[in-house]
Amino acid sequence: MLKRTHNCGELRKENVGERVILNGWVDRRRDLGGIIFITLRDRYGLTQIVFNPGTDVYELAKNLGGEYVIGVEGMVRERPADATNPSMPTGEIEVLAEKLEVFSSSKVTPIYTNRDDETSEEMRLKYRYLDLRRPNMKENIIVRHRIAQIVRDYLNSLDFIEIETPILTKSTPEGARDFLVPSRLKKGKFYALPQSPQLFKQLLMIAGFDKYYQLARCFRDEDFRADRQPEFTQIDVEMSFVDRDEVLEVAEGLFVEIFKKVLGVTLKTPFRRYTYNDVMESYGSDKPDTRYGMKFVELNDIFEKTEFRAFREVIENSGVVKGFFVDEIYSRKEISNFENLAKSYGSKGLAWFRFSNGEVHSPILKFLKPLKIEELKRKFDIASDGTVFVVADDRKIVNTSLGAIRSELIKKKGKIQDSFDVFWVIDFPMFEWDEEENRFVAAHHPFTMPYLSDLERYKDGDLSKVRAQSYDLVINGYEILSGSIRIHKKEIQERVFDILKISKEEAKKKFGFLLEAFEYGAPPHGGFAVGFDRLVAIIRNVDSIRDVIAFPKTATGADIMTGAPSEVNKRQLDELGIEVKLKGDT
RNA sequence: GGGGACGUGGUGCAGCCUGGUUAGCAUGCCGGUCUGUCACACCGGUGGCCGCGAGUUCAAAUCUCGUCGUCCCCGCCA
């Protein structure tokens, strides 16, 4: 076998005159009749091989097809001055083939391996091993690896240790649907795959491993999206004896390191911080992309004494009038769609002002004195043409409906390239009212430490006002990290369960091991988890996390390549004591 | 659970609305010419029961219903 002495990405002018052997795939063949060029590809790059006529290798090279795997021995030589390829790192040299060994031939591939477009995702998934040969996909996977190593290096340098937690574990109530695994030895009982290592990492803190991390695989049996897969990876981190700001500092350092080393981008620290309340009031979302502006402004003072009764009454009933400016003009039809959107969030209507060519148009213009319009322009600092959207209602309805319109407008505007909007959102609400279940549920998770002062203050009042010591990191409108300071005292944990209407018996059954552990010296602790796939997707500027996962699943949870999920034979089912009930059997 | 888009030679798309032609284009693949190409070029050729099933019709890629698959969105995702 012709064993490689170099890879396909490393030969340069300095190597001219050396005898080398390269191994790789035939990326392209250019047969000029009298001379044959081949670009040979491996993980590291491309190198041009030349076959001169009148030689034995030339005759062999005539039969080479795309994706053949070969070994080539030959001399590195400089290309003629007018035949260099500046777009190739190895473009100044080529290898003059003297020996050729075909390790493996290839059928014509069903998808392109050397272009970055023109193939449906279905075909790409079916032939993923070919898809992964494409330059972009290869780079995605390599960058993913590099980020993982940067994470490990950084956390190791801070004395964190990597610990694995079980994949076969216990089903937990609350939160997403679990994937279940039947137990053969205990028929009728099931393991669950972890939605996250949450409880284990807290137990590791109690065990005394005060700084833990893991690139943890997590599983959630919910419906999938472009940025959601049934199995995904989290950078899971937990620390003891820390307050919130120390956790945030560790996380900031991690992101600074990743962005610097992978993209050469310097993120300014400390990252901006907004409270949950701030972002909801300013952008109507808990994960806004602030690069687009369109910040909400309260307009009560403009409308409190207007003729426009709808707005005036809202204000008199302690509601709020708010709006935002966008530097675009929209058609009547578009605006009507935005109004429907606003209404679906509970607002009664959508007012708008169109500023163009120095003129103002608005359905409620007749209720407003010119002075008020001037005031409006001042409020939004309007210097160009554009539109102001205004909603009047309860504060929550106003924020969410304006927020929905804002994100719709952002979709229309399209992606902003090559910049990163990075900030913290802190102090999320601890509890959210669940209409369906008719009880409070944990906004983050039930192990989050609430502000005890809030808990005291609202114990007989509005529990939705209780804030949690939690934090999200938002990058370009995506929630990329989420974490909190945890409860480490049994009494507080029981109190939270109590509020969540989780009974003592249920709590004992489901989380008894954690509550018991709290009785043997639990340190104060907190941590976070980073959506690793999403992070890689943002850094690689791809829309779907499928493109940064080597073997992802489709939106129905299928693996087109292997055919999973698949039926199993009767013996397997019998061993597990399982009977399958198909749709329509009932 | 709900809504939308798509399925046509190996691959990516057009044709479908308004039913009737030899199903078109690009690329790939095969053959030919070509000694400096690099998405080689030029010339010629190969390749398709239009996802599957049923229905309407004299006639279906085209219309209808069902079904399967892929993608996107709402719900869901502590």
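Just so it is clear: chains get the letters A, B, ... in the order the sequence lines come, proteins before strands, and each one is counted from 1.
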Within the structure shown, what part of the strands sits under 4.0 Å from Glu432(A) by heavy-atom distance: base, sugar-phosphate, or nothing? nothing
Output yes when a side-chain donor or acceptor of Ser196(A) lies under 3.5 Å from a complementary backbone atom of Gln198(A), and no otherwise. yes
Mind calculating the distance between CG (Asn114(A)) and P (rA39(B)) to the nearest angstrom? 11 Å
More than 12 heavy atoms of other residues, nucleotides or ligands under 6.0 Å from NZ of Lys138(A): yes or no? yes
Report yes if some heavy atom in the side chain of Phe497(A) is under 4.5 Å from a heavy atom in the side chain of Phe511(A); otherwise report no. yes
Do Glu78(A) and Lys13(A) meet the salt-bridge criterion of a basic N to acidic O distance under 4.0 Å? yes
When rounded to whole Å, the CZ to C1' distance for the pair Arg28(A) and rA41(B) reads 15 Å
Separation of the C1' atoms in rU56(B) and rA5(B), to the nearest angstrom: 26 Å
Paired nucleotide for rC71(B) [Watson-Crick or G-U wobble; both distances under 3.5 Å]: rG4(B)
Sort out the partner of rA14(B) for me: Watson-Crick or G-U wobble, both distances under 3.5 Å, none otherwise. none
Remember a base hit wins even if backbone is also touched, and classify Asp31(A) as base, sugar-phosphate or nothing at under 4.0 Å, heavy atoms. base
Look through every strand shown and name the nucleotide pairing with rC29(B) as Watson-Crick or G-U wobble, where both distances are under 3.5 Å. rG45(B)
For rU57(B) versus rU64(B), give the span between their C1' atoms, rounded off to a whole number of Å. 12 Å
Backbone N or O of Phe37(A) within a donor-acceptor pair of the Arg30(A) side chain at under 3.5 Å? no
Roughly, in whole Å, what's the span from CG in Leu32(A) to P in rG32(B)? 15 Å
Contact under 4.0 Å: Ser120(A) side-chain N or O vs rG12(B) OP1/OP2: yes
In whole Å, what separates the P atom of rU11(B) from that of rC16(B)? 23 Å
How many Å lie between CZ on Arg220(A) and C1' on rG75(B), as a whole number? 17 Å
May I ask you to verify whether the side chain of Tyr112(A) and the base of rG10(B) hold a donor-acceptor pair under 3.5 Å? yes
Answer for the Watson-Crick or wobble partner of rC58(B), both distances under 3.5 Å, is rG20(B)
OP1 or OP2 of rU27(B) sitting under 4.0 Å from any side-chain N/O of Arg115(A)? no
So Val441(A), base contact, sugar-phosphate only, or nothing? Heavy-atom distance under 4.0 Å. nothing
Judged by atom type as modelled, is there a donor-acceptor pair below 3.5 Å linking the side chain of Thr113(A) to the main-chain atoms of Thr109(A)? no
Once you round it to whole Å, what is the distance between C1' of rG75(B) and CG of Asp434(A)? 13 Å
Residue Arg228(A), side-chain atoms from C-beta onward, closest of rC76(B), rU11(B), rC40(B): rC76(B)
Going by an N to O cut-off under 4.0 Å, is there a salt bridge joining Glu94(A) and Arg77(A)? yes
For atom CG of Asp27(A) and atom P of rG28(B), their distance in whole Å: 13 Å
What string of B, S and - do you get for nucleotides 67-74 of chain B, 5' to 3', when a contact is any protein heavy atom under 4.0 Å? --SSSSBB
In whole Å, measure the gap between the P atoms of rC68(B) and rA23(B) for me. 32 Å
Any Val441(A) side-chain heavy atom under 4.5 Å of Arg439(A) side chain: yes
Regarding rU37(B), can its base be found pairing with the side chain of Arg79(A) as donor and acceptor, where the two atoms are less than 3.5 Å apart? yes
Counting side-chain heavy atoms from CB outward, which of rC76(B), rA39(B), rC38(B) is closest to Met88(A)? rC38(B)
Shortest non-hydrogen separation from Asp286(A) to Met280(A) and the atoms involved: N-SD, 3.6 Å
Using atom CG of Asp116(A) as one end and atom C1' of rA39(B) as the other, report the distance to the nearest whole Å. 13 Å
Please classify the nucleic acid contact of Ile111(A) as base, sugar-phosphate, or nothing, using heavy-atom distances under 4.0 Å. nothing
Between rU22(B) and rU18(B), how far is it from one C1' atom to the other, in whole Å? 22 Å
Whole angstroms only, please: what is the CG-P distance between Asp221(A) and rG1(B)? 12 Å
Looking at Arg30(A), I'd like to know whether one of its side-chain N or O atoms comes within less than 4.0 Å of OP1 or OP2 on rC40(B). yes
Ion pair present between Lys501(A) and Glu437(A), side-chain N to carboxylate O less than 4.0 angstrom? no
Using the C1' atom as the reference point in each nucleotide, state the distance between rG48(B) and rG24(B) in Å, no decimals. 12 Å
Sort out for me which residue in Leu535(A), Val530(A), Asp533(A), Val536(A) forms a side chain to side chain contact (heavy atoms under 4.5 Å, CB included) with Thr233(A). Asp533(A)
Do Glu59(A) and Lys62(A) sit within salt-bridge range, that is, some charged N less than 4.0 Å from a carboxylate O? yes
Please produce a list of atom pairs where a protein N or O lies less than 3.5 Å from an N or O of nucleotides 5-8 of chain B.
none

Looking only at N and O atoms, is any donor in the side chain of Arg77(A) or the base of rG36(B) less than 3.5 Å from an acceptor on the other one? yes
State whether Asp427(A) and Arg244(A) are salt-bridged, where the test is any N-O pair (Lys NZ or Arg NE/NH1/NH2 against Asp/Glu carboxylate O) under 4.0 Å. yes
Can a salt bridge be assigned to the pair Asp498(A) and Arg495(A) using a cut-off of 4.0 Å between side-chain N and carboxylate O? no
Minimum-distance pair of heavy atoms, taken over all atoms of Phe431(A) and Val496(A): CE2-CG1, 4.2 Å
Nucleotide N/O to protein N/O under 3.5 Å, stretch nucleotides 46-50 of chain B:
none

Give Pro80(A) one of three labels, base, sugar-phosphate or nothing, depending on what nucleic acid heavy atoms sit under 4.0 Å from its own. base
Partner lookup for rC52(B), please. Criteria are Watson-Crick or G-U wobble with both distances under 3.5 angstrom; report none if nothing qualifies. rG66(B)
Under 4.0 angstrom, heavy atoms only, what part of the nucleic acid is Thr84(A) near: base, sugar-phosphate, or nothing? base
